[in-house]
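Report on the following structure.
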Amino acid sequence: MKTIVVTGGAGFIGSAVIRFLINETPHKVINLDKLTYAGNLQSLKSIDNSERYTFVQADICERAHIDALLNTHKPDIIMHLAAESHVDRSIDGPGEFIKTNIVGTYTLLEAAKDYWNTLPEAQKSSFRFHHISTDEVYGDLPHPDEYKANEKLPLFTEQTAYAPSSPYSASKASSDHLVRAWQRTYGLPVVITNCSNNYGPFHFPEKLIPLVILNALEGKSLPIYGDGSQIRDWLYVEDHARALFKVATQGKVGQTYNIGGHNEKTNLEVVTTICKELDKLISEKPQGLKSFADLITFVKDRPGHDRRYAIDASKMANELHWQPQETFESGISKTINWYLDNQAWCENVQDGSYKRERLGAL
Ligand code: NAD
C-alpha cells in the first residue's frame, strides 16, 4: 500500500482521482486542499469515511504547512492538481493564478525536494512528483476551416512547443517548466501530464457544460462565445482519473504524457447536443419553450480565445495501454443525468452553503 498526497483533491478532477484511488486501489490518500470557491468536500462524501482517506486544509503556498504534512504522512507519490483553473477568471484577475499556479508549485517542489532528500535510497528512487497540467500550454492549433477537406489536421504531441495564450495557460506553462527544471537540476523524480478539457459529475457550474445544463433547466440564456466554432477535445473525468493513476505509478521519470478523449467538438456542437438530450428527457420545459436550443445566445468572444485544441494520446495508448472508455455521447448522457439528479449539490456549491454547514460543524 502506498501513501498518495493529492493536492486540489476537493476540486473537480482531484475529487474524481480520490474517489478512484479509494474505490479502485488499496492506497492511502491525503487530500491537501485550501478549499477555495472551487473546492468542495461534498464531492468526496461517498468516500470520506474510509480509513484510508485524510483531509488536510492547507495552502500550497504555505511552506511550513506542506513540510508538516509531508513529514507526518511520508508520501510515496504526490499528485499535484491544486490550481486556479478558470480562464475567464484569469483574464479578470491574473494575480491569484500567478500566486497559486507558479509560486504554489514552486513552494511544493521545494518542500517535495527537501522531503525526498531525507528518504532512504529505495524509497527515493520509487518516489514520484506527478504534475497535472493542461493542453492549453500548447496554444491553439489550426482550425479545420483553414484546411482543405481530407487534409490531415495537426494534433498536440508531447513535442509541441509551448505557446500559451491566456494568463491561466501561461501560469500552467510556467509551472510545467519549473517541474522539469527540478528534475533536471535536482534529480526530483517527476512525471507531467497535459490533458484536454474534462467534463463529468461534480464540475463547478461556471464551466461550459454544467453552466449550460443548469441554465437550460432554469430557462436562462445559454451563452456561447463568438460563433461557437472553437474546438475542444473532450475527456470524461473518470477516464482522466484512470490515466493519471497509470502515469503516477507506471510513467517514466522525466517524461510528459498527453491525455485526450479523441472527441473533437465545437462549443456549438456541445451545447446543441446537451439541448437535444434535455429535450428528450424533459417534456415540461420552462417558459413553454419548444426546445432548449431556443435559449442559445451568442456573446462577444473571449479575448485571446484559442480556436482549436486536440490531443495525440498515442503515447498513453502505446506505452501505458490507456484508452478512454467513454465516447462523448455516453459521457455527456451520464453527465446530464448526474446534474438532473444532483441539483442540491449545484445549489450548495453555487451559494456556498456547504461551506457554512462545514464551518458551523467545527
Ligand atoms: P478546480 O478549479 O475544480 O479545482 C482546483 C482545486 O484546487 C480546488 O479544490 C481548490 O480549492 C484547490 N486549490 C486552489 N488553490 C489552492 C491552493 N493555493 N492550495 C491548495 N489548494 C488549492 O480544477 P480542476 O478542473 O479539477 O483542475 C485540476 C487540475 O487539472 C488543474 O491543475 C488544472 O490546471 C488541470 N487541468 C484541468 C482541466 C479541466 O478541463 N478542468 C484540463 C486539463 C488540466
Side-chain angles (χ1 to χ4, degrees), residues 5-19 30-44 55-63 65-66 69 78-90 95-108 111 130-138 156 164 166-176 179 192-210 232-237 239-241 243-244 247 257-261 263 270 309 311 313 331 335 349 352 354-355:
V5 166
V6 177
T7 74
F12 168 49
I13 301 173
S15 67
V17 169
I18 293 179
R19 291 190 303 272
I30 316 298
N31 175 10
L32 185 174
D33 200 295
K34 181 181 172 182
L35 295 184
T36 66
Y37 79 95
N40 176 9
L41 293 177
Q42 288 206 342
S43 308
L44 294 158
F55 171 65
V56 179
Q57 185 167 8
D59 185 333
I60 54 165
C61 299
E62 298 284 344
R63 176 69 194 264
H65 293 166
I66 310 298
L69 182 142
I78 297 175
M79 298 177 79
H80 174 37
L81 295 99
E84 288 293 334
S85 69
H86 190 43
V87 175
D88 288 344
R89 284 181 189 255
S90 82
E96 276 305 305
F97 288 71
I98 304 305
K99 199 168 146 217
T100 292
N101 299 359
I102 306 178
V103 179
T105 300
Y106 156 74
T107 308
L108 192 64
H130 177 184
H131 178 61
I132 285 84
S133 191
T134 165
D135 61 354
E136 301 193 26
V137 298
Y138 298 125
F156 293 136
S166 71
Y168 163 66
S169 53
S171 69
K172 290 296 292 188
S174 309
S175 65
D176 294 10
V179 172
I192 298 178
T193 48
N194 294 87
C195 184
S196 59
N197 282 51
N198 282 219
Y199 69 103
F202 300 104
H203 206 180
F204 192 81
E206 66 186 352
K207 304 279 171 76
L208 179 72
I209 288 179
R232 302 291 179 260
D233 176 359
W234 292 94
L235 177 67
Y236 193 65
V237 68
D239 279 329
H240 190 196
L244 293 179
V247 174
Y257 297 86
N258 280 358
I259 307 173
N263 279 314
V270 169
Y309 303 139
I311 287 268
T335 305
V349 299
Y354 86 92
K355 284 199 173 142

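Ligands are counted one by one from 1 in listed order, and the atoms in each one are counted from 1 as well. Just so it is clear, the structure is predicted and the values come from calculations on it, not from any experiment.
Among the atoms of Lys34, some N or O lies under 3.5 angstrom from an N or O of ligand 1. Residue contacts with ligand 1: Asp33 is placed with a nitrogen or oxygen under 3.5 Å of a nitrogen or oxygen of the ligand (distance criterion only). Annotation: His240 places no N or O atom under 3.5 Å from an N or O atom of ligand 1; distance criterion only. Geometrically, ligand 1 and Gly11 share a nitrogen or oxygen pair separated by less than 3.5 Å. In terms of polar-atom proximity, defined here as any N/O pair under 3.5 Å, His80 makes no such contact with ligand 1. Checked against a 3.5 angstrom limit, the closest N/O atoms of His203 and ligand 1 fall outside it.
Counting heavy atoms from C-beta outward, Glu206 and Arg89 have side chains that approach closer than 4.5 Å. For the pair Val137 and Asn194, the minimum side-chain heavy-atom distance is below 4.5 Å. A heavy-atom distance below 4.5 Å is not found between the side chains of Cys195 and Ile132. Contact check for Lys172 versus Phe97: no side-chain heavy atoms found under the 4.5 Å cut-off. Proximity of His130 to Thr193: side-chain heavy atoms (C-beta onward) are separated by under 4.5 Å at one or more points.
The protein heavy-atom contact nearest to atom 43 (C) of ligand 1 is Cys195 O, 3.3 Å. Regarding atom 32 (O) of ligand 1, its nearest protein heavy-atom neighbour is Lys172 NZ, 2.6 Å. In this structure, atom 18 (N) of ligand 1 lies nearest to the protein heavy atom Asp59 OD1, 2.9 Å. Closest to atom 3 (O) of ligand 1 among all protein heavy atoms lies Phe12 N, 3.0 Å. Ser133 O, 3.1 Å is the protein heavy atom nearest to atom 44 (C) of ligand 1. With respect to atom 5 (C) of ligand 1, the closest heavy atom belonging to the protein is Ala83 O, 3.4 Å. In this structure, atom 15 (N) of ligand 1 lies nearest to the protein heavy atom Thr100 CG2, 3.5 Å.
Proximity annotation for atom 40 (O) of ligand 1: of Thr193, Thr36, Asn198, Asn198 comes nearest, heavy atoms only. Relative to atom 28 (C) of ligand 1, the option among Leu81, Val17, Ile60 with the closest non-hydrogen atom is Leu81. In this structure, of Leu108, Thr7, Ile13, the residue bringing a heavy atom nearest to atom 41 (N) of ligand 1 is Ile13.
Asn198 contributes a side-chain N or O that, together with a main-chain N or O of Ser196, makes up a donor-acceptor pair within less than 3.5 Å. Listed for the Asp135 side chain is no donor-acceptor partner under 3.5 Å among the backbone atoms of Ile311. Between the side chain of Ser15 and the backbone N or O of Ala10 there is no donor-acceptor pair closer than 3.5 Å. Side-chain atoms of Ser169 do not come within 3.5 Å of backbone N or O of Pro164 as any donor-acceptor pair. Between the side chain of Asn101 and the main chain of Glu84, a donor-acceptor pair closer than 3.5 Å is present. With hydrogens and angles ignored, the 3.5 Å screen pairs no side-chain donor or acceptor of Asp233 with any backbone N or O of Gly260.
No side-chain N or O of Arg232 forms a donor-acceptor pair with one of Tyr199 less than 3.5 Å apart.
The ligand atoms of ligand 1 that sit less than 4.0 angstrom from a heavy atom of Ile132 are 30 (O), 32 (O). Atoms of ligand 1 lying under 4.0 Å from at least one heavy atom of Asn197, given by number and element, are 40 (O). Interface of Leu35 with ligand 1, defined as ligand atoms under 4.0 Å from a residue heavy atom, comprises 11 (O). Set against the non-hydrogen atoms of Gly39, the atoms of ligand 1 under 4.0 Å away are 8 (C), 9 (O), 11 (O). Near Ser85, the atoms of ligand 1 lying under 4.0 angstrom from a non-hydrogen atom of the residue are 1 (P), 2 (O), 23 (O).
Only the side chain of Tyr168 comes within 4.0 Å of ligand 1, counting heavy atoms alone; its backbone N, CA, C and O stay farther away.
Residues Pro201 and Val237 come closest through the heavy atom pair CD-CG1, 4.3 Å. The minimum heavy-atom distance between Ile60 and Thr100, with the atom names listed, is CD1-O, 3.6 Å.
Ligand 1 lies nowhere less than 4.0 angstrom from a heavy atom belonging to Ser15. Distances from ligand 1 to the non-hydrogen atoms of Ala58 include at least one value under 4.0 Å. A heavy-atom separation below 4.0 Å is found between Ser196 and ligand 1.
The only member of Thr7, Ile78, Ile192 that meets side chain to side chain contact (heavy atoms under 4.5 Å, CB included) when paired with His131 is Ile192.
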